[in-house]
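Fair warning: this is a prediction, and the values are worked out from it, not measured in the lab. Just so it is clear: chains get the letters A, B, ... in the order the sequence lines come, proteins before strands, and each one is counted from 1.
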2 protein chains.
Amino acid sequence: MPSRRADPVTVEVVELIGDVVARYHTEYEDAAASHQLTGAQARVLTLLSLEPLPMRRIAQKLRCEPSNVTGIVDRLETRGLVERRPDPADRRVKLAAPTDEGLQTAERLRESLDFAREPLAGLSDEERTALRDLLRRMLA
Amino acid sequence: MPSRRADPVTVEVVELIGDVVARYHTEYEDAAASHQLTGAQARVLTLLSLEPLPMRRIAQKLRCEPSNVTGIVDRLETRGLVERRPDPADRRVKLAAPTDEGLQTAERLRESLDFAREPLAGLSDEERTALRDLLRRMLA
DNA sequence: TATTGTTATACTCTATAACTATA
DNA sequence: TATAGTTATAGAGTATAACAATA
């Protein structure tokens, strides 16, 4: 049931979360662009740097249609950052896996994603822990 | 200066913020889609529901090129949600303004955007206030 | 028959550059 | 000459539907 009137603090928290989202998005896109990647390409490369995945699984992680993943992986493959491997267990499946260069790019991407690391540095240990606990409960 | 090694709590907070961002994005797109709007269209309509704006200002708010705004406003105008008005003070300028139907749609959009209202309801007043203060400091 | 990945198609968002009408 | 908005163009992401290969 949505429309219970929200108190002022809740309204402000929602606005602040909107600000966090906007800032996160901007920094993510900038970090991706600094490696000549789009946001979607950066997300897929980051996913694959954790473990190779079937095309279908990538679509599920991205919450998009499988047909889209074909193009994104095509472009990453053209760049030499990702390759398609056969799945020994099921010949219908293609596993997308990062190349060595792809892994390096993913690592540099992670490093340039400073969001909330710098701002969080201004908080004390206790405050960071409190923030972690509150966010955990919010997402539970 | 990015790469100072982050402590585990900071790492988890960054991950949690990523989760918040993903959830916010999903809910925003869903809310927009439930009104047959794309995310960009919903953002512009929401902006204009606060006050009519010159095309140029919309582009600045969206952090995109002015040429993109033409298409987005075109589509909102075709839907009858927005109209372009001349600016009496400068005949080069076109003010985009919501129609009555556009205002109604923007209001319903706001209502269906429950993000963080429901989850925040599970927090006490003190916790919400603490969260607000921590987010404020993070974004400062 | 069902599933995996792809192709074909169409729409939206995006940036760049060139154009117009004002200022 | 500078600015506001548009148009033209091209690339990328998205969904839908139809297809080939495999299960």
TODO: Have a look at A:Arg43 and say if it touches a base, only the backbone sugar-phosphate, or nothing, with a 4.0 Å heavy-atom cut-off.
DONE: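 Touches nothing.
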Between [atom2] on [N] and [atom1] on [X], what's the gap in Å once rounded to a whole number?
X       : N      : atom1 : atom2 : result
B:Arg56 : C:dA21 : CZ    : C1'   : 13 Å
B:Asp87 : C:dA21 : CG    : C1'   : 15 Å
A:Gln60 : C:dT3  : CD    : P     : 12 Å
B:Arg57 : D:dT3  : CZ    : C1'   : 15 Å
B:Met55 : D:dT3  : CE    : P     : 19 Å
B:Asp30 : D:dA15 : CG    : C1'   : 14 Å
B:Ile58 : C:dC13 : CD1   : P     : 13 Å
A:Arg79 : D:dG11 : CZ    : P     : 16 Å

TODO: Using a strict 4.0 Å threshold on nitrogen-to-oxygen distance, state whether A:Glu12 and B:Arg136 make a salt bridge.
DONE: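 Looking at B:Arg136 together with A:Glu12, the answer is yes, because their closest N to O distance falls below 4.0 Å.
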- [ ] Considering only NZ, NE, NH1 and NH2 on the basic side and carboxylate oxygens on the acidic side, decide whether A:Glu111 and A:Arg108 come within less than 4.0 Å.
- [x]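 Judged by the 4.0 Å cut-off on N to carboxylate O distance, A:Glu111 and A:Arg108 do not form a salt bridge.
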Task: Minimum-distance nucleotide (side-chain atoms of B:Val93 versus D:dA15, D:dA4, D:dT6) - done: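 Of all the options, the side chain of B:Val93 is nearest to D:dA4.
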Open item on the list: What's the closest nucleotide to the side chain of B:Ile72 if the choices are C:dC13, C:dT16, D:dT7?
Closed with: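 Output: C:dC13.
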Beyond-backbone contact of [X] with [Y], side-chain heavy atoms, under 4.5 angstrom:
X        : Y        : answer
A:Leu62  : A:Asn68  : no
B:Leu139 : A:Pro119 : no
A:Lys61  : A:Arg43  : no

Check this one for me: any side-chain N or O of [X] less than 4.0 Å away from OP1 or OP2 of [N]?
X       : N      : result
A:Arg75 : D:dG13 : yes
A:Arg84 : C:dG5  : no
A:Lys94 : C:dT6  : yes

Open item on the list: Both B:Asp74 and A:Ala40 contact DNA chain D. Taking the nearest nucleotide for each, which residue is further toward the 5' end?
Closed with: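 The answer here is B:Asp74.
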Task: Of A:Gln41 and B:Gly71, the one whose closest DNA chain D nucleotide lies more 5' - done: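 Taking each residue's closest nucleotide, the earlier one in sequence belongs to B:Gly71.
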Open item on the list: Walk along nucleotides 17-23 of chain D from 5' to 3' and tag each nucleotide B, S or - by protein heavy-atom contact under 4.0 Å, base first, then sugar-phosphate.
Closed with: B----BS
Task: Derivation of the side chain to side chain contact (heavy atoms under 4.5 Å, CB included) call for A:Val13 and B:Leu123 - done: CA-CA 12 Å; A:Val13 171; B:Leu123 304 184; over 6 Å; no
- [ ] Would you mind telling me which of A:Leu135, A:Leu131, A:Thr129 makes a side-chain contact (heavy atoms from CB on, under 4.5 Å) with A:Asp133?
- [x]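 Passing option: A:Thr129.
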